[in-house]
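We name chains A, B, ... by the order of the sequence lines, and we start the count at 1 in each one.
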Amino acid sequence: MSKLNLLRKGLGAAVLGATLLSTSAVVSAEETIKVGVLHSLSGTMAISETTLKDVMLMLVEQQNAKGGLLGKKLEAVVVDPASDWPLFAEKARELIEKEKVAAVFGAWTSVSRKSVLPVFEELNSLLFYPVQYEGEESSKNVFYTGAAPNQQAIPAVDYLMSEEGGEVKRWVLAGTDYVYPRTTNKILESYLKSKGVADEDIMINYTPFGHSDWQTIVSDIKTFGSAGKKTAVVSTINGDANVPFYKELGNQGIAAEDIPVVAFSVGEEELAGLDTKPLVGHLAAWNYFQSVDAPINESFVGEWKTFIGDEKRVTNDPMEAHFIGFNMWAAAVEKAGTTDPDAVGDAIIGVTVPNLSGGYSAMMPNHHITKPVLIGEIQEDGQFEIVWETSGTVVGDAWSDYLAGSADLISDWRKPMACGNFNTKSGKCGGSGS
Amino acid sequence: MYCLRYLLIPLLCALIGISNASRPAQAADLETALSGLAEKSFKSRLKAVDEIAATQDERASEILETLTKGKLFVANPGKHIVMEDPATSGAYLFAATGESAGSYAKAAIKKVKINNRMRSAIRKALGTLTLGSKDRNRRLTAARSIFNTRDVSALPLLTNAIAAETDTAVKREMERARAAALLASEADESDKLAAIEIIASMGNQDALALLTQVADSNSGVVAERAERAIAEMKSTLALWGTAQNVVYGISLGSVLLLAAIGLAITFGVMGVINMAHGEMVMIGAYVTYVVQDVIRASMPGLFDWSLLIALPLAFGVTALIGIAMERGIIRFLYGRPLETLLATWGVSLILQQAVRSIFGPNNRLVGNPSWMSGSLELGQLTLTYNRLCIIAFTLVIFAALFVAMRKTSFGLQMRAVVQNRRMSAAMGIRTKWVDALTFGLGSGIAGLAGVAISQIDNVGPNLGQSYIIDSFMVVVFGGVGNLWGTLVGAMTLGVANKFLEPYSGAVLAKILVLVFIILFIQKRPKGLFALKGRGVEA
């Protein structure tokens, strides 16, 4: 007993210690525009977020090589929120109040975004959030350059339902137990039902973070898939837990032709830590793949490899989101002639910049962007082969049309409306929702 | 049956005769069919696959197999379909004829992309094309794939193949495949009923899936029979499901035991609250990574041995780190558990960040040796080899440790020091030396656990964190200072978890197990098997 008690106390103290350890780079210089980079460089999320910090440094360097912005050099201020959600808010405050950055690029998990959101609204600064998320949110101060559910989840399901995708009739929605999978699965469930899928043809399963023992769940999926109807797994399983999941699939002999898995959180970076041979044919839905065949992508991949000094490093979707977000911000600053958050926020709506798949992405009034949706199949070399894509770009929808209470909401930050949750039924700003 | 065979043989000869007669025409057919693979849309390429299969050309199976491997290319100019020449690197062969196509520049060739739908079509086509293959395993795969695709058009071929088959296992698979295809066809009721018997006798998930389809798509006697078979199979499958849960539970328990067994020594026997235990597991896994990396670079032939090579190295490295920790930090903190906890937690953070700086924050790829991939079908149980190996490995480690503790003089000294330090010192035992070695042993075993865990989990800097809480849980539950307690504790938690999981989901199962342990510790603070020792008194 006493030992357990001590253990708990000690853990608290140790966490405090870890917090104090995390570093912040403070370099001040006059006549520069500061750009905040808020990505975890240590802790659980370092695996995904370190790369985004690097890509931001590269983008800033490239912009400076082009002469900076408004005649000033850019300076990246990097802080490490150490995968600790409350620390994200603290570090965001430090960036805005102490470092006086013009805009912040950062956050990965939805929890960390929710944690920094009040800080950005209170101090009126801008956040560019580069990761696919569950939607149901719209803030004056946040620009969502990752995919909303209608830019990733719904097209993926559409593809699987199509003749080309195998006419899937039975669905396993498997996810890690937190806000993004829960909300996405709620949207997907209601979408599938609207398409006539019966209750007993949908199986929903949640697992804890970092789940590593997939034996039971994979064998459940196998059983569920043997009901004589084409079955697919829609996976919102988060980063790390995917590796043992796919290993177990391979070992239990589930091939992509039998039960394909389409993942929303598995990209090139995650596959790099994986033996991909048993996974060939499983799918992922993103707005960008490294294998996209476009000259602009080719040069981006080349620049990235040179910048990082490693031929083996890969590019992925959130990196493209930062690429688009940063260029949009830069264009808006040029347009507004100032880095004032309000002026930039107004100017950025309608700004259109090239994306890496050879087209253009535009910032919409709801602070989401237009993106193409691509479905890729995992290849033996850890890359994706694009097997399907939307014919044009898809506009990100902040409020899902498939959730009760959010279907009537729209978001439009242009004046005079300037409202993140306008209820079209009651005609008032601030309907239900956050 | 006999007369059927007499009828069939001439028929078969006739077929072969026809195919021989039309050979030249077919090469051209194959060429046209192949050209469809150069098309842009998946739909036309899918059609091309069917056309290639329909030519019945003897090169067709080779071409389709190359296609699934992603080794078929479109070469420009001319949009020829080519494959790599196995004889000379950089040279290509025309897929249609197998004749040399010379060499192409990298930019001039493009891989023929396939998707899942094409893969299924190819599998189906290969099923019929390779049914007559000389290779036993290929015939087996062919039969299995026909079973899956239930290709009605393969029925006459199957009937021939069954008649000609000599291998009983292959023959059985073929009969099953024939039954499956028959059920999809417009055959007589009596034939279908016989087919259902064959399928029902398989008794597995695949059979269940097939019969469910049959019950849905047929009516009358056939549907009734299928439903009766389904009901029977469901009850036996439920029994197998229970057995499966026990096996999964033991497998999970063995991973828990593996992770906890080192801690049972450092925490259980010595009483050191060792928060860096998880990092020892992590370092063991990284040693495996480094070993595999070296092997991949210099001696790829040794890859299957990589784990065996990694074992002693992982033990050595982590044991040395453990001894250094004990000598450098922990020995100053004996009897002060709070400080020990903070110090070892600090060490764990340092080790994590060190690994992150050296190897990067990303997960590292640790491959499974070929003997650890795949699964064993035992009745209706699917046992994956890597899990089986881990169960066996855990038990070996446990037995070895048990023998070391009970039968060796070092084990005797270790237990003596734990029970009465001053008396042991008076008997001439170098207690400090024993302390260091004991801690080294515990850490080394954690390193061994790391080698095994690298086979089922991510190898990244955070690997250890996911095991530390579970390890403490097992040791506290089993009874501090008792190896048997650790064994029983780990297995109980593993099996309980796996029986809860199907009903409550993985998240709730974990919570329930935790609540159970808390209640249990309230009732029996010393765990399952209490033992006297320094750890308990502290």
Side-chain angles (χ1 to χ4, degrees), chain A residues 1 3-4 6-7 9-11 13-14 17-18 21 41-44 46-47 50 164-166 177 205-208 210-213 215-217 219-220 222-223 225-228 240 243-244 247-248 250-253 256-258 260 269-270 272-275 278 281 283 377 379-380 385 387, chain B residues 42-43 70 113 115-117 119-120 123 205-206 208-210 212-213 216 244-245 248 251-252 255 273 275 337-338 341-342 345-346 349 353 356 361-365 367-368 373-375 382 384-387 456-462 466 472 476 498 501-502 505-507 510 521 525 538:
Chain A
M1 249 331 275
K3 213 166 255 176
L4 277 184
L6 283 178
L7 208 104
K9 273 189 201 158
L11 271 177
L21 270 175
L41 309 179
S42 53
T44 342
I47 174 176
T50 313
E164 199 172 305
D177 202 1
N205 184 292
Y206 292 106
T207 40
H211 191 66
S212 62
D213 192 284
Q215 301 179 88
T216 315
I217 292 158
S219 103
D220 280 354
K222 212 169 161 182
T223 315
S226 61
D240 263 16
V243 179
K247 269 192 186 167
E248 191 67 36
N251 279 331
Q252 292 204 19
E257 300 104 282
D258 310 320
E269 192 89 30
E270 285 75 18
L274 207 58
D275 181 14
L283 307 154
E377 276 186 8
Q379 300 296 302
E380 258 185 53
E385 191 89 71
V387 292
Chain B
F42 278 111
K43 222 172 195 166
K113 290 187 190 178
N115 63 3
N116 279 328
R117 223 160 136 238
R119 267 189 212 104
S120 318
R123 190 162 76 173
Q205 289 291 354
D206 294 339
L208 191 65
L210 206 152
T212 316
Q213 281 178 9
D216 288 346
Q244 183 90 310
N245 273 341
Y248 286 166
S251 155
L252 176 63
V255 174
I273 301 182
M275 296 303 287
L338 188 60
L341 185 147
L342 285 180
W345 176 259
L349 289 178
Q353 204 57 38
R356 200 172 277 130
N362 291 343
N363 288 341
R364 293 287 137 179
L365 170 70
N368 290 33
S373 310
S375 60
T382 317
T384 53
Y385 283 122
N386 58 0
R387 296 275 174 181
I456 52 168
D457 208 341
N458 293 298
V459 179
N462 303 314
S466 42
F472 270 106
V476 171
K498 282 295 156 190
E501 211 173 275
V507 183
K510 261 200 133 157
I521 296 289

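- For a residue to count as touching a neighbouring chain, one of its non-hydrogen atoms must lie under 4.5 Å from one of that chain's; by this rule B:Tyr248 touches chain A with backbone and side chain alike.
- One distance of note links CG of B:Asp457 with NE2 of A:His211; it measures 10.5 Å at 0.5 Å rounding.
- Proximity to chain B (any heavy atom under 4.5 Å) is restricted, for A:Thr50, to the side chain, taken from C-beta onward.
- Note that CD of A:Glu164 is 8.0 Å distant from NZ of B:Lys43, once rounded to the nearest 0.5 Å.
- Considering only heavy atoms from C-beta on, B:Arg387 comes within 4.5 Å of A:Gln215 through its side chain.
- Both the backbone and the side chain of A:Asp213 come within less than 4.5 Å of a heavy atom in chain B.
- When each of A:Pro244, A:Gly253, A:Pro260 is scored by its heavy-atom pairs under 4.5 Å with chain B, the top score falls to A:Pro244.
- When heavy atoms are compared at a cutoff of 4.5 Å, A:Glu377 approaches chain B solely by way of its side chain, counted from C-beta outward.
- Neither the backbone nor the side chain of B:Ser466 comes within less than 4.5 Å of any heavy atom of chain A.
- To the nearest 0.5 Å, the span separating CG on B:Asn116 from CG on A:Leu283 amounts to 5.5 Å.
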Salt bridge (charged side-chain N to carboxylate O under 4.0 Å, His left out) between A:Asp258 and B:Arg123, intermediate numbers included
CA-CA 11 Å; A:Asp258 310 320; B:Arg123 190 162 76 173; 3.0 Å; yes
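- Within the model, atoms NZ of A:Lys247 and CG of B:Asn458 stand 7.5 Å from one another, a figure rounded to the nearest 0.5 Å.
- Side-chain contact between A:Asn251 and B:Tyr385: absent, with no pair of heavy atoms (C-beta onward) separated by less than 4.5 Å.
- At a 4.5 Å heavy-atom cutoff, B:Asp216 makes no contact with chain A through either its backbone or its side chain.
- Counting only heavy atoms from C-beta outward, the side chains of B:Glu501 and A:Ile217 approach each other to under 4.5 Å.
- Contacts with chain B were tallied for A:Asn205, A:Leu41, A:Thr207; A:Thr207 has the most, counting heavy-atom pairs under 4.5 Å.
- For the set A:Gly165, A:Gly225, A:Ala46, A:Gly250, the entry with the most heavy-atom pairs within less than 4.5 Å of chain B is A:Ala46.
- Between A:Gln252 and B:Ser375, every side-chain heavy-atom pair lies at or beyond the 4.5 Å cut-off.
- In this structure, the portion of B:Ile456 lying under 4.5 Å from any heavy atom of chain A is its backbone and not its side chain.
- Per-residue counts of heavy-atom pairs under 4.5 Å with chain A were compared for B:Asn462, B:Thr212, B:Asn368; the largest is that of B:Asn462.
- Pairing each heavy atom of B:Arg117 with each of A:Gly166, the nearest pair is CD-N, 4.5 Å.
- Note that CG of B:Asp206 is 7.5 Å distant from NZ of A:Lys222, once rounded to the nearest 0.5 Å.
- In this structure, OG in A:Ser219 is found 7.5 Å from CG in B:Asn245, a value given to the nearest 0.5 Å.
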Does B:Arg119 form a salt bridge (charged side-chain N to carboxylate O under 4.0 Å, His left out) with A:Glu257? I'd like the steps, not just the answer.
CA-CA 7 Å; B:Arg119 267 189 212 104; A:Glu257 300 104 282; 5.2 Å; no
